[in-house]
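What follows is a set of notes on a single structure, which appears directly below.
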Amino acid sequence: MNDVVEEQVVELMRVSPLAEELAERFARAGHRLYLVGGSVRDALLGRRSEDLDFTTDARPDRVLKIVSGWGDAVWDVGIAFGTVGVTKKGTQLEITTFRADSYDRVGRNPEVTFGDSIEGDLLRRDFTVNAMAVELASKTFIDPHDGLSALREKVLDTPATPQESFADDPLRMLRAARFAAQLGFTAAPRVVDAMTSMAEEIDRITAERVQAELSKLLLADDPRPGLELLVGTGLADRVVPEVSGMRLAIDEHHQHKDVYQHSLTVLAQAIDLEKTHEPTSGPDLVLRLAALLHDVGKPATREFQPGGGVSFHHHEVVGARMARKRLRALKFSKEIVDDVSQLVFLHLRFHGYGKGEWTDSAVRRYVTDAGPLLTRLHKLVRADCTTRNRRKAAALQATYDDLEARIAALKAKEDLDRVRPDLNGEQIMELLGLKPGPDVGKAWKFLKELRLDRGPLEHDEAVAELKKWAAENGVGDA
């Protein structure tokens with residue numbers, strides 16, 4: 001395995017000549033420079049890191065002097081924590097002095113103490129796979145906690161005891177789940193035990209930091225292992241209780257899908273559709289959040305029916321409200337909150353389509369209500385089919401193919417992406433002798449509904465319909 005390590009390190013140096021160049025500057029100044037953490041881990045996994053992290057025995061003020069005049073830009077925003085940032089030829093580098101911090105274990109901010117050895121610095125790292133380093137001048141591989149074996153076995157363990165590590169920084173528990181998703185690694189039993197017993201410690205972490213880790217987890221190629229670790233340890237109960245709350249008990253008399261497992265499958269299928277259903281996209285956080293949360297309203301709306309059935313009436317309405325509340329609590333942007341909750345609200349609408357019974361008016365409303373979310377809604381609805389009955393699944397997909405074809409046909413004839421009344425506000429006021437006010441809005445809404453029902457109208461027809469509506473409702477001069 002050492003030959004593999006040497007080969008990977010040499011490759012890393014080849015693709016990152018800046019690291020060698022920077023190491024020479026530190027050596028001339030009498031200091032050592034180490035590539036450390038995720039950069040080393042990813043090199044050993046054959047993954048390319050965009051950003052490079054270094055650690056050194058040089059103190060921060062000394063680091064500033066060494067990199068000044070070499071970097072294209074230098075910043076010292078993190079210098080209180082021992083970190084100096086450098087940009088060189090478009091590559092971002094961070095250089096941090098050895099750390100030997102202590103924590104008050106109330107928040108997560110450490111009392112910064114600079115260390116004197118690479119071994120001491122690596123001991124304070126989150127996981128052994130991130131506690132490996134390369135001394136760049138000599139190209140010496142340093143692995144005091146056997147991170148290489150953990151990497152080979154795909155295991156997440158901590159350099160210190162997990163209890164110590166998580167007490168110092170509870171965010172590391174979410175990072176374990178994130179790495180489980182991103183790297184496909186399994187948490188060591190003692191890590192799982194500590195996460196389970198210490199789950200409430202995550203309450204010390206700000207919502208913004210929780211949201212950042214959760215977002216990274218969901219944007220992984222396969223979020224499922226990370227989500228299952230969160231739910232299994234009880235961490236989800238603290239950060240996204242709606243997800244663990246979908247684990248509904250199924251008894252022998254009331255058979256129905258496991259909503260939690262169903263939602264994980266929908267998420268996986270939505271991820272597949274990002275790459276296969278036009279228009280394709282990269283990882284889509286809005287779509288993935290909607291897929292995960294689309295059925296969160298089911299537990300609150302579950303009703304057992306005579307004869308052994310079960311129903312979840314209006315769970316999309318309840319679920320949209322629950323999704324909005326949780327995403328706000330996690331400090332997601334207003335745009336993400338609005339988009340995800342709207343997708344949750346709309347995800348059942350298609351099931352009224354039947355075998356194509358919708359009128360053109362209903363199709364227009366579907367498109368208009370979805371607005372810019374239409375392509376995501378297409379993928380969410382398709383992903384929501386998790387039946388094992390192949391004939392039923394094929395029929396559902398064929399029906400949705402038909403709906404998409406009808407949408408495309410209507411778009412070819414009408415500007416469905418921007419449905420507007422056939423008369424604008426100024427025309428309405430002129431025709432009805434109105435001044436700006438509520439009656440103009442009512443007239444505009446009437447014409448918008450007419451447009452949805454009947455499609456584009458000729459000008460004279462729209463004028464006649466407006467005047468007829470005004471006369472019937474006592475509006476304006478009509």
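Small disclaimer: the values here were computed from a predicted structure and weren't measured. Note that these values count all heavy atoms, side chains included, but never hydrogens, waters or copies made by symmetry. When a residue number appears, it is its place in the shown sequence, counting from 1.
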query: Does anything in residues 188-233 pair up under ring-ring contact (aromatic ring centres under 6.0 Å, His included), and if so which pairs, sequence neighbours excluded?
result: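 Counting only pairs at least two positions apart or across chains, no ring-ring contact (aromatic ring centres under 6.0 Å, His included) contact touches residues 188-233.
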Pairwise distance [atom1]([X]) to [atom2]([Y]) - rounded to 0.5 angstrom:
X    : Y    : atom1 : atom2 : answer
T87  : E94  : OG1   : CD    : 9.5 Å
D339 : Q342 : CG    : CD    : 8.5 Å
T128 : L123 : OG1   : CG    : 12.0 Å

Without swapping roles, check the side chain of [X] against the backbone of [Y] for a donor-acceptor pair under 3.5 Å.
X    : Y    : answer
R326 : P241 : no
R238 : I202 : no
T96  : T55  : no
E316 : H347 : no
D57  : D116 : no
T97  : A58  : yes

- prompt: Are side-chain heavy atoms of I118 and E135 found at a separation under 4.5 Å?
  reply: no
message: Taking the side chain as everything from C-beta on, heavy atoms only, tell me whether Y353 gets closer than 4.5 Å to Y400.
response: no
field: Set of residues satisfying side-chain contact (heavy atoms from CB on, under 4.5 Å) with respect to K275, sequence neighbours excluded
entry: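 If we apply the side-chain contact (heavy atoms from CB on, under 4.5 Å) test to K275, skipping adjacent residues, the hits are I271, D272.
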- prompt: Can we say R172 and E213 salt-bridge, meaning some charged N sits less than 4.0 Å from an Asp/Glu carboxylate O?
  reply: no
query: Does the distance from a Lys or Arg side-chain N to an Asp or Glu carboxylate O, for E242 and K325, drop under 4.0 Å?
result: no
Side chains of [X] and [Y]: is there a donor and an acceptor less than 3.5 Å apart?
X    : Y    : value
R152 : S149 : yes
Q397 : R382 : yes
S263 : D295 : no

- prompt: Mind checking what makes side chain to side chain donor-acceptor pair (under 3.5 Å) contact with S341, not counting sequence neighbours?
  reply: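 Side chain to side chain donor-acceptor pair (under 3.5 Å) list for S341, sorted by chain: R324.
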With a sphere of 6.0 Å drawn around [atom1] of [X], does it hold more than 12 non-hydrogen atoms of other residues, nucleotides or ligands?
X    : atom1 : value
E208 : CD    : yes
H351 : NE2   : yes
D221 : CG    : no
R224 : CZ    : yes

